[in-house]
Amino acid sequence: GIDCSRDSKMCCRQEFFVDFKEIGWEDWILQPEGYHMNYCAGLCPLHMAGIPGLAASFHTAVLNLIKANNADAAVDSCCVPTQRRPLSLLYYDRDSNIVKTDIPDMIVDACGCT
Amino acid sequence: VAPMGARCPACGLAALDPAAQRHILMARAKQSILAKLRLPGRPNITQPVSRGALLTALGRMHVQRMDPVSPGMSHESSVPHLHPGVGLQEYEILSFAESGSSTSRRVHLHFRFTRELAGNVEILKATLYLFWADPGPGTHPVTIRLLQPDLTGLNMTVAHEARLEVQRAGWATLDVGQAVQSLFGQGSQRLTVELEAAEDWGSPLLAGHSDSHWPFVAAQARARMPHRVQRR
């Protein structure tokens, strides 16, 4: 996958860190100190369909399909997460119990074009 | 902002000034975490657990995992062994006791489990950890009763009873999985434990609630399988 830089226009992963102390949540979330709420942004013009973050062969297959099916009818595709991982939290619940859980698919590691 | 920006929520952010973007993303992060934890809002912590009690509890759980048949009083697991569900969110819950009414021979402890969890998870395992004060020479009988409210909610019924002979100070464990599971099944959230000791011992627990020896329940739970409608 590609990480966004300042002037990225194409589909990439935008890093965004939420510091729990900054939002006043450090008293009830014991671990970790923050949440990497990365997100996908950017354009997916025709020639980028199916990349990056997926197997190169997938990209070739998508491009061939677009050519075979009258390319100019195809529209842009969307910039979406292609790799995600869980967010592990150790926190107090409303009865002051201490709970540990892994929330699946909360952190985006890579983005790509559908 | 390209015309496609209108269709892609994240691209809409690009059109905002950095401060507005940050504000929106922070709000989104809070909303996302609270929704995934099934919390209506951030909890207000009224009784934070002391660091000593937390570290001791985590240490005891680790010992229990390493040596399940610890000398204490590990009871046969009474929760039917549920095979781990693939991809279902799992929870480990540490619930520290609240003191209930007590006499010279009886101690009541309350363990409260949150509404968000009680209705949405199944208990895979739950263990009660007790630290006995020094009972003095000989063996001392103690009866442990797990009480839960009856269907009217007015009276307490005995869900489980265990008797044991305590010879020395130290940690003991009791499997309470079945009792916690049936509590959740009844929509209740509070497990009451009654300890009854012989006359000459007095309070069986370490006197003075010394922080790092305070009783707790360690439970492992898993989100309920989403209800699947089978089409034939």
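Excluded from the calculations below are hydrogen atoms, water molecules and symmetry mates; all remaining heavy atoms, backbone and side chain alike, are included. To find a chain, count down the sequence lines: A is the first, B the second, and so on, and within it residues start at 1.
Among pairs with a residue in residues 21-46 of chain A, those fulfilling salt bridge (charged side-chain N to carboxylate O under 4.0 Å, His left out) read A:E22-B:R22, A:D27-B:R42, at least two apart in sequence or across chains.
Using a 4.5 Å cut-off on side-chain heavy atoms (C-beta onward), A:M106 and B:I33 make contact.
The side chain to side chain donor-acceptor pair (under 3.5 Å) check on B:T127 picks up nothing, with sequence neighbours excluded. Applying the ring-ring contact (aromatic ring centres under 6.0 Å, His included) test to A:H36 and every residue at least two apart in sequence or in another chain returns A:F17.
Using cut-offs of 30° and 60° for the angle between ring planes, the B:Y129 and B:W171 rings count as perpendicular. Between A:W28 and A:Y91, the angle of the ring planes goes over 60°, which puts this pair in the perpendicular group of the 30/60° scheme.
Within the 4.5 angstrom heavy-atom criterion, only side-chain atoms of A:L89, from C-beta onward, approach chain B. Heavy atoms of A:F16 lying under 4.5 Å from chain B belong exclusively to its side chain. Looking at A:D102, only its backbone comes within 4.5 Å of chain B, counting heavy atoms on both sides. Interface residue B:I93: backbone and side-chain heavy atoms are both found under 4.5 Å from chain A.
Sulfur-sulfur distance for A:C111 and A:C12: not below 2.5 Å, with no disulfide indicated.
Between the side chain of B:Q181 and the backbone N or O of B:I123 there is at least one donor-acceptor pair closer than 3.5 Å.
Contact residues of residues 51-59 of chain B toward chain A are B:L54 (heavy-atom distance under 4.5 Å).
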